[in-house]
There are 2 protein chains.
Amino acid sequence: MSSTVAKALSLLNYFSESEPEIGLSELARRSGVDKATVHRMLAVMCDHGLLEKRGDARLYRLGAGVLRLARVRETAFPVSSVFQHSLDTLSAEIGETAHGSLIAGRALATIGVSESNRGSRVSLVAGEILPMHSTASGMVVLAFSRPEFVDRALGEPLVAKTSRTVTDPNIIRARLQEVRLTGYAEADQTNEDDVYGIAMPVFDTDGTPAGAIAVAMPAHRMTNELRRHTISALFAEADKLNFGIGGRPPAEFRAAAARFSPT
Amino acid sequence: MSSTVAKALSLLNYFSESEPEIGLSELARRSGVDKATVHRMLAVMCDHGLLEKRGDARLYRLGAGVLRLARVRETAFPVSSVFQHSLDTLSAEIGETAHGSLIAGRALATIGVSESNRGSRVSLVAGEILPMHSTASGMVVLAFSRPEFVDRALGEPLVAKTSRTVTDPNIIRARLQEVRLTGYAEADQTNEDDVYGIAMPVFDTDGTPAGAIAVAMPAHRMTNELRRHTISALFAEADKLNFGIGGRPPAEFRAAAARFSPT
DNA sequence: TCTCTGCGGTTTATTATTATCAACATCGGT
DNA sequence: ACCGATGTTGATAATAATAAACCGCAGAGA
């Protein structure tokens with residue numbers, strides 16, 4: 001938990017789209033790590049290209065090394081690009097914003113977005129970390145994950161992102177059971193007000209969830225017909241996606257998919 | 001060099017396109033770090049999503065976290081995408097493979113490739129790390145870098161990649177002086193047999209090199225006319241690229257560009 | 001089938017490294 | 001000259017690396 005490397009790596013998570021450059025003192029304050037230590041860690045990470053210091057300012061930002069690593073991974077295991085294609089298809093067909101996420105360690109990382117071209121649409125940023133308990137994507141991933149993974153996720157403090165967020169682990173576990181039966185998860189303004197999300201899992205070669213694809217729409221626009229259409233499209237795209245990345249859905253999910261009738 | 005974090009991060013560099021999955025013992029052997037230590041480091045990095053263990057096999061590979069970090073950086077500072085556009089333009093105009101690289105720590109990382117559609121062409125992998133002394137991109141970056149950076153780069157052991165590779169720091173420094181005058185660098189089979197490269201620097205907002213764009217072609221195909229055409233196109237694209245990423249070429253480079261006459 | 005070998009993973013006590021804390025030097029902007 | 005920021009240094013306390021074992025497992029070969 002408090003290993004040196006873990007502390008250093010956790011510094012990377014403070015960089016986001018809304019705050020792409022951060023100074024030493026700021027990082028030290030947020031991470032709770034000593035300033036001198038943070039400085040040394042930053043120096044090491046700069047040396048390895050994970051971070052870089054703008055010679056101009058005295059701020060740090062993510063370095064070109066992360067671009068390189070991402071390229072290496074994407075060349076060897078093209079997941080992001082395959083996701084993007086499915087997301088574009090989804091957003092075009094549903095007319096709402098679609099996004100994809102992958103399990104990264106114990107978190108869920110958004111790695112692809114395709115916004116609808118409507119004037120009113122849900123807008124979200126790629127690279128964001130999604131909470132497991134308050135998003136449809138998180139729930140659908142948990143539903144098909146191993147118990148240890150679920151325990152660890154629900155063991156952490158569950159933040160109430162909105163007034164509708166469920167933070168009781170027991171209720172969440174009950175919902176996970178439902179998700180296992182339907183194959184998809186819905187999040188009615190549990191992560192963000194006015195946003196209704198529907199998500200479906202994507203699997204790895206070993207049958208464990210690799211991530212999720214989801215459609216997010218303004219809550220007031222949700223109808224039964226739109227839900228059916230979305231879920232149907234998600235099943236289709238999830239199927240293609242699993243094929244594209246070599247994922248093998250477990251029997252439980254395949255059963256749920258077979259149970260779904262797009263009537 | 002011997003910091004814990006540095007050792008952990010250096011493990012990431014063993015993953016490449018040609019070897020995207022590596023086991024624990026293999027990593028321990030190559031890095032020279034103890035197996036138990038490597039195991040702990042890998043566990044931490046898996047926990048943070050930089051790596052992931054395929055539940056199936058017992059191998060490690062780069063995780064989804066690197067995709068997320070790359071997206072965050074690319075959203076805040078779109079460099080890779082801007083590069084790609086220039087590279088596509090270059091390869092289309094010259095008819096040879098173009099590639100772009102960025103300084104990542106003390107190394108030069110390939111972050112974009114656009115192969116020509118010729119049957120015979122130079123093929124190279126994105127995500128590769130380029131040597132500074134034996135590639136045109138490396139030389140052009142060094143030529144406009146600060147002396148400390150050059151000293152550090154030339155202080156490391158210089159590998160002779162081919163029979164033509166120059167490994168004498170003094171000769172290299174002399175060549176850097178020439179590059180400063182011309183604004184571009186040429187590598188005639190100094191990094192790879194039969195490959196002739198021409199590179200041009202791209203700059204950061206503070207006037208230091210951010211990376212380079214380069215054209216690589218089969219050495220036997222090189223002619224004076226092709227060289228002129230390539231250099232001319234590189235100057236044009238470098239100019240656009242600097243504008244696109246907000247780079248400010250130093251006076252020395254602007255003078256070299258003005259000196260060039262595409263006659 | 002049985003053994004052998006190499007691998008991933010874990011443990012132990014010891015050794016070496018590193019974080020920490022506080023203090024100070026330094027730079028830039030107001 | 002002020003202030004908050006980045007760096008940097010010192011001694012002490014906490015942490016992690018090391019080395020050499022060990023287990024369980026899988027595949028190879030006899």
Side-chain angles (χ1 to χ4, degrees), chain A residues 1-15 19-48 50-63 105-106 146 148-149 152 204-208, chain B residues 1-15 19-48 50-63 105-106 146 148-149 152 204-208:
Chain A
M1 182 61 161
S2 56
S3 92
T4 307
V5 182
K7 268 183 277 191
L9 295 184
S10 70
L11 294 178
L12 295 176
N13 292 330
Y14 292 100
F15 296 90
E19 200 172 11
E21 296 182 301
I22 313 181
L24 186 150
S25 298
E26 186 68 22
L27 274 172
R29 218 177 299 120
R30 294 201 198 169
S31 63
V33 183
D34 188 82
K35 195 172 50 170
T37 306
V38 171
H39 180 249
R40 222 171 313 153
M41 289 171 171
L42 292 179
V44 171
M45 291 199 280
C46 281
D47 200 53
H48 280 256
L50 259 64
L51 292 176
E52 61 189 26
K53 195 193 332 187
R54 267 186 34 195
D56 191 330
R58 288 186 308 273
L59 298 172
Y60 297 83
R61 67 175 185 188
L62 293 171
R106 60 179 61 187
R146 300 172 53 188
E148 309 91 80
F149 190 83
R152 201 174 54 176
D204 228 321
T205 54
D206 60 349
T208 60
Chain B
M1 183 61 165
S2 55
S3 99
T4 306
V5 182
K7 267 183 278 190
L9 294 184
S10 70
L11 293 179
L12 295 176
N13 292 329
Y14 293 100
F15 296 91
E19 199 171 11
E21 296 182 301
I22 313 182
L24 187 151
S25 296
E26 187 68 21
L27 274 171
R29 219 177 300 119
R30 294 201 197 170
S31 63
V33 182
D34 189 84
K35 193 171 56 169
T37 306
V38 170
H39 178 252
R40 227 172 311 151
M41 289 171 172
L42 292 178
V44 171
M45 292 199 280
C46 281
D47 199 54
H48 280 255
L50 258 64
L51 293 177
E52 62 189 25
K53 197 194 327 188
R54 269 187 31 196
D56 190 329
R58 290 185 307 273
L59 299 172
Y60 296 85
R61 67 175 184 187
L62 292 171
R106 60 179 60 185
R146 300 173 55 186
E148 309 91 80
F149 190 84
R152 201 174 54 176
D204 228 321
T205 53
D206 61 350
T208 60

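Heavy-atom basis, side chains included; hydrogens, waters and symmetry copies ignored. Just so it is clear: chains get the letters A, B, ... in the order the sequence lines come, proteins before strands, and each one is counted from 1.
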### Query
Where do Lys53(A) and Arg58(A) land on the side chain to side chain contact (heavy atoms under 4.5 Å, CB included) test, with the steps shown first?
CA-CA 7 Å; Lys53(A) 195 193 332 187; Arg58(A) 288 186 308 273; 5.5 Å; no
### Query
Please walk me through it: do Arg106(A) and Asp47(B) pass side chain to side chain contact (heavy atoms under 4.5 Å, CB included)?
CA-CA 6 Å; Arg106(A) 60 179 61 187; Asp47(B) 199 54; 3.1 Å; yes
### Trace of the side chain to side chain contact (heavy atoms under 4.5 Å, CB included) decision for His48(B) with Asn13(A)
CA-CA 9 Å; His48(B) 280 255; Asn13(A) 292 330; 4.2 Å; yes
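A search for salt bridge (charged side-chain N to carboxylate O under 4.0 Å, His left out) contacts involving Arg146(A) returns Glu148(A), not counting sequence neighbours. The side-chain contact (heavy atoms from CB on, under 4.5 Å) check on Glu19(A) picks up Ser16(A), Ile22(A), Arg30(A), with sequence neighbours excluded. For Asp204(A), the side-chain contact (heavy atoms from CB on, under 4.5 Å) test picks out Asp206(A), Thr208(A), Ala210(A), Arg61(B), with sequence neighbours left out.
Comparing the helix axis at one end of the helix from dT1(C)-dA30(D) to dT30(C)-dA1(D) with that at the other, each defined from 5 consecutive pairs, gives an inter-axis angle of 50° (nearest 10°).
Between Lys7(B) and the phosphate of dT18(D), there is a side-chain N or O to OP1/OP2 separation shorter than 4.0 Å. In terms of phosphate contacts, Ser25(B) brings a side-chain nitrogen or oxygen within less than 4.0 Å of OP1 or OP2 of dG8(C). When the side-chain nitrogen and oxygen atoms of Thr37(B) are compared with OP1 and OP2 of dT18(D), one or more of them lie within a distance under 4.0 Å. OP1 or OP2 of dA26(D) has not a single side-chain nitrogen or oxygen of Arg58(B) nearer than 4.0 Å. OP1 and OP2 of dC7(C) both lie 4.0 Å or more from every side-chain N or O belonging to Tyr60(B).
A straight line from CG of Leu27(B) to P of dC7(C) spans 12 Å, rounded to a whole angstrom. Note: CZ (Arg29(B)) to P (dG9(C)) measures 14 Å, nearest angstrom. A straight line from CD of Glu26(B) to C1' of dG6(C) spans 12 Å, rounded to a whole angstrom. Remark: C1' of dA16(D) and CE of Met41(A) are 12 Å apart, rounded to the nearest angstrom.
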Dump the pairs, protein N or O against N or O of nucleotides 10-13 of chain C, anything under 3.5 Å, distances to one decimal.
{"unit_1": "dT10(C)", "atom_1": "OP2", "unit_2": "His39(B)", "atom_2": "NE2", "d": "3.1"}

Using atom types as modelled, flag every donor-acceptor pair under 3.5 Å from a side chain in residues 31-43 of chain A to any protein atom, sequence neighbours excluded.
{"unit_1": "Ser31(A)", "atom_1": "OG", "unit_2": "Leu27(A)", "atom_2": "O", "d": "2.7"}
{"unit_1": "Ser31(A)", "atom_1": "OG", "unit_2": "Val33(A)", "atom_2": "N", "d": "3.3"}
{"unit_1": "Asp34(A)", "atom_1": "OD2", "unit_2": "Ala36(A)", "atom_2": "N", "d": "2.9"}

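At least one side-chain heavy atom of Leu12(B) sits under 4.5 Å from a side-chain heavy atom of Leu51(B).
Here the closest non-hydrogen pair linking Tyr60(A) and Phe15(A) is O-CE2, 3.1 Å.
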